[in-house]
Amino acid sequence: MHPVSKRSISILLFENPSGAFCTSSSRRGFSSPPISHLLKKCSTVSQLKQVHAHLIVNSPPTSLPSSLRGSLICSYASLGGVAYAAILFDRFPSLPSILLWNSMIQGYSKTTAPQQSLRLFQQMLLIGVTPDDYTFTFAITACSRYGSFKSGECVHGLARKSGFVFNQFVGNALVSFYSFFSRSSDAQKLFDEMPLRDVFSWTSLIRGYVNAGDLAAAKEIFKEMPDPNDVTWAVVIAGYVSHHRYSDALRCFRDLLQQHPKVKPNEAIFVCVLSACAHLGALDQGRWAHAYIDKIHFRKSSNIYTALIDMYAKCGRIDSAKEIFDKFHSKDILTWTSMISGLGMHGHGQEALRLFYQLVSLGIKPDGVTLLGVLNGCSHSGLVDEGCHIFDNMIHLWGVVPKIEHYGCFIDLLSRGGCPEKAFEVVKTMPMIPDIVIWRCLLSACRIHGNVHLGQQIVDHIAQMATGSHSGGHTLLSNLYASMGQWDKVAKVRKSMEGRRIDWAPGCSCIEINGVVHEFLSADKFHPLIKEIREKLDEVLRRLSGEGYYIPNTTPVLFDLVEEEKVQAVAWHSEKLAVALGLMTTEEGTPIRITKNLRICEDCHAAMKGVSEVYKREIVVRDRSRFHTFKSGNCTCLNYW
DNA sequence: CGTGAGCACT
């Protein structure tokens, strides 16, 4: 290690080289706050080594103050410089003090190997070093990060014996630990026993209820708590997002801005809000959030850029997404991934591939999600050879072991690309149990290609497996028989399912009009204008049929209804209701954007084409897997989805 | 030397 001048360190670590660090640190010496501040600013081991070198030049290693040695150990360990941390920890004349143990345990808890913290904790107990409140705090945090509930309970027991459970930090760490594992009642119990509660305790408790899925309880506690801060709000908003309650998340955000001006929204909140807009396809609100971020001059990190790109892509504005992507210069793997996935779902497979190889050539390693995005892009653009090449080389080129979702994508690629037999072979030989998604995409390919023989073979295969205990197979099987019109078999499967809970995701479509998101369920009864909307829809469908653009197609209906009832069920699919509202409330010629939670059915797809031609409207439908842009009677998916 | 939050996905 060679010494580095103070000035170059300050240039390295601060944006302003003539900043306060140089003068203040030389005046106050090493134990002054600026040095520990500086250590925290280091984000790589090599930066840390430079600061370290600078310290050694000014004082021999053995005389480094203990607290500084602790900071260094902690920083080295947490940045992955385990070897350096270990040298500072045990190659000194004096035995490591409790402070150094704690630094070591804390440092490891932040790495990808937090179990090392627990190993050290165990070791110190074995050689008779008495842990203190700091030790317990770090050890418990390590248990959450390590994902070991058992070890956490064990540490909790030790903390109780030694009386440290009543320490503020240890107590908070424990509440957070139980909340992390969704054990809201355990977290509540600890919370109730705490002598003092602060914003950390409350926030962790709320997080526990959110994780456990009890949003109502989380909301109650949130209302009760004294002074929620930005992190508390982030937990609540993220809670709504994680339970797919996107409109509630946006409502909560508006409430924060309007009723609580003292709390300033932070990065996590903006990311969640943009994500909610993305899921809803709420372009106006997404734009508004974007404008708000710019208005308050919020520093846009790569996370914010990623969320913006994702939002614009999922709201149908791939052009805006690209613009942001091109202008941003410190892209990380997430930024690239959201752009690649966005291009893929818009059917711009070639461009997704181009970006993907550009990323690779920059020496950045794509991860599993990036590969999923690019494979998905290939499958939606029919780039079978390119997709196969990427899938076949995932492990040896990028070290990513394909998971079930990669297989799903690959099978989708093969079956759409005209090789359903090959896809079925992959399904039979893949190293995991195929899930519903995979069967569904195989079968839909058989249906599109009219390959009844293979379809029947697959259904038989599933029937064989469904006789086992997998109840998910039954629902799928019954739907499959229904889609082939084999109602006697449907009845048989349904009978064997009696008494079981069937989880049926209802179709749901969203349309945003003047910044208000309208949600429709299939055969919706709840929208205040539902009567008018249905009348409008009837009129639209009559006009389409009259002009020869649309014939009701009832194959997507999975229930055994008589024919007229089927026509009705298809007619009231949520996306048709949404498009009717769009036609009623927006000006002629403006595009209509709809977001749907399931895949669009053939009947709706045909109807949308008709509407785009007859009413001269561009209609953009985002379904579960991609974008469909309908224009003059055609769709960008080329009838392939 | 401390405790709480977020994104990309078949």
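When the side-chain contact (heavy atoms from CB on, under 4.5 Å) test is applied to A/K365, no partner is found at least two apart in sequence or on another chain.
Across all strands, A/F410 comes closer than 4.0 Å to no nucleic acid atom at all (heavy-atom distances). As judged by a 4.0 angstrom heavy-atom cut-off over every strand, A/C74 is placed among residues making no nucleic acid contact. Backbone-only engagement by A/V235 is indicated by non-hydrogen atom pairs under 4.0 Å involving sugar-phosphate atoms exclusively. Contacts of A/A307 with the nucleic acid, taken as non-hydrogen atoms under 4.0 Å apart, are absent.
With hydrogens and angles ignored, a donor-acceptor pair closer than 3.5 Å exists between the side chain of A/T137 and the base of B/dG2. Judged by atom type and distance alone, A/N172 does not reach the base of B/dG2 through any side-chain donor-acceptor pair under 3.5 Å. Side-chain to base pairing of A/D230 with B/dG4: no donor and acceptor N or O lie closer than 3.5 Å to each other.
Atom CZ in A/F166 sits about 22 Å away from atom P in B/dT3, given to the nearest Å. Per the geometry, CZ belonging to A/F191 stands 13 Å off C1' belonging to B/dG4, to the nearest Å. To the nearest angstrom, C1' of B/dT3 lies 16 Å from CD1 of A/I105. Here the C1' atom of nucleotide B/dT3 and the CG atom of A/D198 are 8 Å apart, to the nearest Å.
Comparing B/dA8, B/dG4, B/dC1 against the side chain of A/T203 picks out B/dG4 as the nearest.
In this model, the phosphate group of B/dG4 is approached by a side-chain N or O of A/S176 to a distance below 4.0 Å at OP1 or OP2. OP1 or OP2 of B/dA5 lies within a sub-4.0 Å distance of a side-chain N or O belonging to A/R207.
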